[in-house]
Amino acid sequence: MCRFEHHHLPGSEGPSEAYPPPRHLADSARPFCVQEAVMGWCSHGLYCQYRHGPAPRLAPEPAPAAAAGGQAGERAGDGDGNGDGDGDGDGDDEAAAAAAAELVEAKAAYAVAAAEYAGKAQELACELVAVDPERAAGLAALMARLKESIEPRPSDESMRQAVCNAVHAFVEDAMPNLRRGYVSTSSLHLFGSSANGFGSRSSDVDVSMEMRLPRNRIARSNVISNVINTLGKKMRAAPEFARDVKWITGVKIPLIKFVHVDSGLSVDFSIGNSLALRNTRLQKCYASLDERVRDLMYTIKYWGKARKINDAAKRTLSSYALTIMLFHYLQAGLVPPVLPVLQTMPGGSTEGGDPVRKPRPPPTPDAAAEGESGKEGKGKVPARKDKGKKAGSGGGDEAGGADSGSRSGSGSDSGSDKAEDEVTKPRVFDDSWKRDESRDPSLPSVRINGYETYFCNSLPAVRTAFPVGANAAPAAQLLLGFFDYYANSFPVETHVACIRRELGHSLTKAEKSWESAMLAVEDPFELNHNLTAMVSGEYWELVHSEFVRAYNLLFGYLTRAPHTPDRSPDGFMDVLCAILPEREFHYEAPPKKDGRK
């Protein structure tokens, strides 16, 4: 019986001979249903006797030696692919020989590093499906053109930076005393899609004001809310600067939403969003390592928007969740991997974290005794006179020890011991959920709001330690592998998509206590945040069915499977990313802890 919804075609009453099984599965007891693999659905009805599920994998064909030699000659020589390495400049044989030697050394270093990474246990990795080179190259070129048509142009980036500067100037004019008192410095930074390398020309401008705020959580929240309220009112009173102004407080990240009049761009202004800034820089580093990453991400987001599964407000996948899922696949789903794990590599900068506070040593027993003896001593907290009376035992002695003894019912001696213990033992808050216990302690530390946010942001250091380019699969083949990974291979019932652990060390739902989540995608810094926690029930069925459909269509096109229409790359992309109409879902909010809905 098929696992997915059937779309019956006229006259399909049972198994049809029009879709014979592939030759390599002809001897199988339950041959594979080719129609589902090619078209994304089965029209045979519930009586289909074919096997449904992942399409068969084909062993990848090794690259011919002549082609490899031609590529080497193209890099080192005249670029004609003949492998002669004669050079096309001034005919300097020594320079050509030096370039060829450097290329050989680089390839040897890559081979060593690639062997090292391939030797690691990759329990989640899966083999890439062998594809038709011509169709893969054509689709990869289309993906690059799609990226170029969506990504911001240099003029767009300049405009966004100009908007950021204009907002900064407005803030300083509207609140000239912002830097006084508890606030010593302030600056505005772009983050999110405006700065992570995956933005579009129509993306909102996300800006965050970084200020030195009080350490106390309540005081910090009050300061941010006051500034947001004040700036929101001043922006609403300046129609020449902003329109459609509204501000939101009382949430985790208070913000002001408005439209900049001169540019017409929508702006989201927040304060102290340091984790988002750090996350933007992490994504930017991953995007800078390999151009195929950006080609893949733009295509996946374009596909997700068209198929209505890229909208967190409607309980599907957010763009950020899709980005982390892609990074996880390029790290853990391939051998050799396309991307390293930047959070486990040394050589990164430690700038941008919170100031390191030295822990205050606990008072010694002598100091505690002096504090007990001196009623007016420094740091002495007077005892409440009514504590003993409320406890119902003792005579209401004003001494701290007597109060403690009356509460415990064991006399003044035990009360003194308890008071001494409370003084000598520092108060410890449990923030273990913010720490990564598997992290190498020898790595540098960059903590923001208690979260560890270190990663290697030095591209030379990354390229020295990781074989960037060792996996030379075309972007179209990687796109097929991405859909295959989350449609068929990734153990969604037991594992978490994670990008912070060393290659070969997967993360399970049991370790996170996320067994109830249908799909688990971990935030690389806020380790208690499941980016896909709201994707459940029929919403997950919708998302998973779209991954299966995309994989089946892409598999049929790239492998030239039987009964696959011979389309151009543009025609196939139109089918893959066909706009899906809105779907209606009944959503009932889960009951609260007290039973209310």
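Owing to the predicted nature of the structure, the values given are computational and were not obtained by experimental measurement.
Checked for salt-bridge contact, Arg201 and Glu151 miss the test: no charged N lies under 4.0 Å from a carboxylate O. Look at Arg145 and Glu148 and you find no salt bridge, because none of the NZ, NE, NH1 or NH2 atoms lies under 4.0 Å from a carboxylate O. Under a 4.0 Å N-O distance rule, the pair Lys252/Glu526 qualifies as a salt bridge.
Between Trp303 and Tyr298, the distance separating the two ring centers is not shorter than 6.0 angstrom.
A search for ring pair (Phe, Tyr, Trp, His ring centres under 6.0 Å) contacts involving Trp514 returns nothing, not counting sequence neighbours. Partners of Phe455 by ring pair (Phe, Tyr, Trp, His ring centres under 6.0 Å), not counting sequence neighbours: none found. The ring pair (Phe, Tyr, Trp, His ring centres under 6.0 Å) check on Phe572 picks up Tyr557, with sequence neighbours excluded. Listed by chain and number, the residues in a side chain to side chain contact (heavy atoms under 4.5 Å, CB included) with Ala533 are Asn530 (sequence neighbours excluded). For the ring pair (Phe, Tyr, Trp, His ring centres under 6.0 Å) test, residues two or more places apart in sequence or in another chain that qualify with Tyr286 are Phe327.
Interatomic distance, NE2 of His529 versus CG of Leu275, reported as 11.5 Å (0.5 Å rounding). For the atom pair CE (Met143) and OG1 (Thr299), the distance works out to 3.5 Å, reported to the nearest 0.5 Å. Phe525 contributes atom CZ, which lies 5.0 Å from atom CD of Gln343 (distance to the nearest 0.5 angstrom). Rounded to the nearest 0.5 Å, atoms CG (Asp206) and OG (Ser194) are 5.5 Å apart. Interatomic distance, CZ of Phe483 versus CD of Glu546, reported as 9.5 Å (0.5 Å rounding). For the atom pair OG (Ser445) and CZ (Arg439), the distance works out to 5.5 Å, reported to the nearest 0.5 Å.
Between the side chains of Ser536 and Arg315, at least one donor N or O sits under 3.5 Å from an acceptor N or O. Between Ser568 and Asp570, the side chains place no donor N or O within less than 3.5 Å of an acceptor N or O (distance only, hydrogens not considered).
Relative ring orientation between Phe490 and His328 is described as perpendicular, the plane-to-plane angle rising above 60° on a 0-90° scale split at 30° and 60°. Using the six-membered ring where Trp is involved, Phe482 and Tyr486 have ring planes that are perpendicular, over 60° apart on the 30 and 60° scheme.
Shortest non-hydrogen contact noted between Pro474 and Ala136 is CG-CB, 4.2 Å.
The stretch residues 155-164 participates, sequence neighbours left out, in these salt bridge (charged side-chain N to carboxylate O under 4.0 Å, His left out) pairs: Arg153-Asp156.
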Verdict with reasoning, Asn279 to Phe191, per side chain to side chain contact (heavy atoms under 4.5 Å, CB included) | CA-CA 9 Å; Asn279 211 313; Phe191 72 94; over 6 Å; no
Does the pair Glu493 and Lys509 meet the rule for a salt bridge (Lys or Arg N to Asp or Glu O under 4.0 Å), with working shown?
-> CA-CA 8 Å; Glu493 298 85 0; Lys509 287 183 176 180; over 6 Å; no
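Side-chain contact between Leu342 and Cys285: present, with at least one pair of heavy atoms (C-beta onward) separated by less than 4.5 Å. A 4.5 Å side-chain heavy-atom check between Lys284 and Thr280 finds every atom pair outside the cut-off. In this structure the side chain of Leu146 never reaches within 4.5 angstrom of the side chain of Leu142, judged on heavy atoms.
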